Amino acid sequence: MRAQIIDRLEAGRVQHGQFASAPGSGPCGLFFVQGPCGCKLQIAALVRPGWEHVSVSTPRRCPNWEEMCFVKDLFWDEEECVMQLHPPYSQYVNNSRYCLHLWKPIRENIPRPPASFIGVVGLGPSEAASLLAQMRERS
């Protein structure tokens with residue numbers, strides 16, 4: 001996690017009440033920040049033994065991909081890898097209907113598949129859409 005958080009996040013820090021944290025106390029705390037899609041995001045960040053953890057929720061729906069990317073960039077550098085997990089159903093903990101989580105282990109790297117398993121490396125979204133359209137025409 002970033003040692004120094006950005007001003008936008010610091011401005012949304014909860015400073016009073018049960019979940020308060022002091023200004024300038026780093027990335028841990030409860031924050032309310034306007035998200036990129038017009039929804040106010042509730043963000044709780046903690047460092048636990050061996051883990052960095054950020055939860056993201058909205059009042060009426062789960063956060064979307066753009067919002068999760070936005071929050072990831074608030075807390076971690078763009079080249080850091082963090083993850084969302086889908087645990088076994090028997091291990092679900094669901095305290096909020098509209099909450100998603102970002103996790104990063106502190107002492108180990110997150111294993112990742114080769115980029116070529118995900119898509120065509122170097123191909124942008126519009127180029128990929130064009131290629132897919134061509135493939136559909138041929139089938």
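The figures that follow rest on heavy atoms only: side chains count, while hydrogens, waters and symmetry mates do not. Please read all numbers here as calculations on a predicted model, not as lab measurements.
For residues 41-62, the pairs satisfying ring-ring contact (aromatic ring centres under 6.0 Å, His included) are W51-W103, H53-H101, H53-W103, with sequence neighbours left out. Applying the salt bridge (Lys or Arg N to Asp or Glu O under 4.0 Å) test to residues at least two apart or on different chains, none of the pairs has a partner in residues 29-45. Every pair passing side chain to side chain donor-acceptor pair (under 3.5 Å) that includes a residue from residues 18-37 is listed here, sequence neighbours excluded: R13-S21, R13-S25. Counting only residues at least two apart or on different chains, no ring-ring contact (aromatic ring centres under 6.0 Å, His included) pair has a member in residues 9-30. Pairs of residues two or more places apart, or lying in two chains, never qualify as side chain to side chain donor-acceptor pair (under 3.5 Å) while including a residue from residues 81-94. Residue pairs meeting the salt bridge (Lys or Arg N to Asp or Glu O under 4.0 Å) criterion with at least one partner in residues 18-29, sequence neighbours excluded, do not occur; the list is empty.
Hydrophobic clustering (ILVMFWY, side-chain heavy atoms < 4.5 Å, transitive): L102 and L30 are in distinct clusters. By the rule that hydrophobic residues join a cluster once side-chain heavy atoms approach within less than 4.5 Å of another member, V54 and V14 end up as members of separate clusters. With hydrophobic clusters built from ILVMFWY side chains whose heavy atoms lie under 4.5 angstrom apart, F32 does not share a cluster with Y98. Hydrophobic clustering of Ile, Leu, Val, Met, Phe, Trp and Tyr side chains at less than 4.5 Å, counting indirect connections, unites V47 with I5.
Note that the CD1 atom of I6 and the CD atom of Q4 stand 12.0 Å from one another [nearest 0.5 Å].
The side chain to side chain contact (heavy atoms under 4.5 Å, CB included) check on P23 picks up E10, Q15, with sequence neighbours excluded. Under the side chain to side chain contact (heavy atoms under 4.5 Å, CB included) criterion, P114 pairs with S116, F117, not counting sequence neighbours. Evaluation of the side chain to side chain contact (heavy atoms under 4.5 Å, CB included) rule for V120 yields L123 as partners, not counting sequence neighbours.
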Only distances under 3.5 Å count here; give the side-chain donor-acceptor pairs of residues 127-134 to other protein atoms, sequence neighbours excluded, each with its distance to 0.1 Å.
{"unit_1": "E127", "atom_1": "OE1", "unit_2": "G124", "atom_2": "N", "d": "2.6"}

Can you give me every donor-acceptor pair (side chain of residues 58-78, partner residue at least two apart or in another chain, under 3.5 Å) with its distance?
{"unit_1": "T58", "atom_1": "OG1", "unit_2": "R61", "atom_2": "N", "d": "3.2"}
{"unit_1": "T58", "atom_1": "OG1", "unit_2": "R61", "atom_2": "O", "d": "2.2"}
{"unit_1": "R61", "atom_1": "NH1", "unit_2": "E67", "atom_2": "OE1", "d": "2.9"}
{"unit_1": "R61", "atom_1": "NH2", "unit_2": "E67", "atom_2": "OE2", "d": "2.7"}
{"unit_1": "N64", "atom_1": "OD1", "unit_2": "E66", "atom_2": "N", "d": "3.1"}
{"unit_1": "N64", "atom_1": "OD1", "unit_2": "E67", "atom_2": "N", "d": "2.8"}
{"unit_1": "E67", "atom_1": "OE1", "unit_2": "N64", "atom_2": "N", "d": "2.8"}
{"unit_1": "K72", "atom_1": "NZ", "unit_2": "D77", "atom_2": "O", "d": "2.7"}
{"unit_1": "K72", "atom_1": "NZ", "unit_2": "E78", "atom_2": "O", "d": "3.4"}
{"unit_1": "K72", "atom_1": "NZ", "unit_2": "E80", "atom_2": "O", "d": "2.8"}
{"unit_1": "W76", "atom_1": "NE1", "unit_2": "E52", "atom_2": "OE1", "d": "2.6"}
{"unit_1": "D77", "atom_1": "OD1", "unit_2": "R2", "atom_2": "NH1", "d": "3.1"}

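Across all their heavy atoms, C81 and I110 have their closest contact at O-CD1, 3.2 Å.
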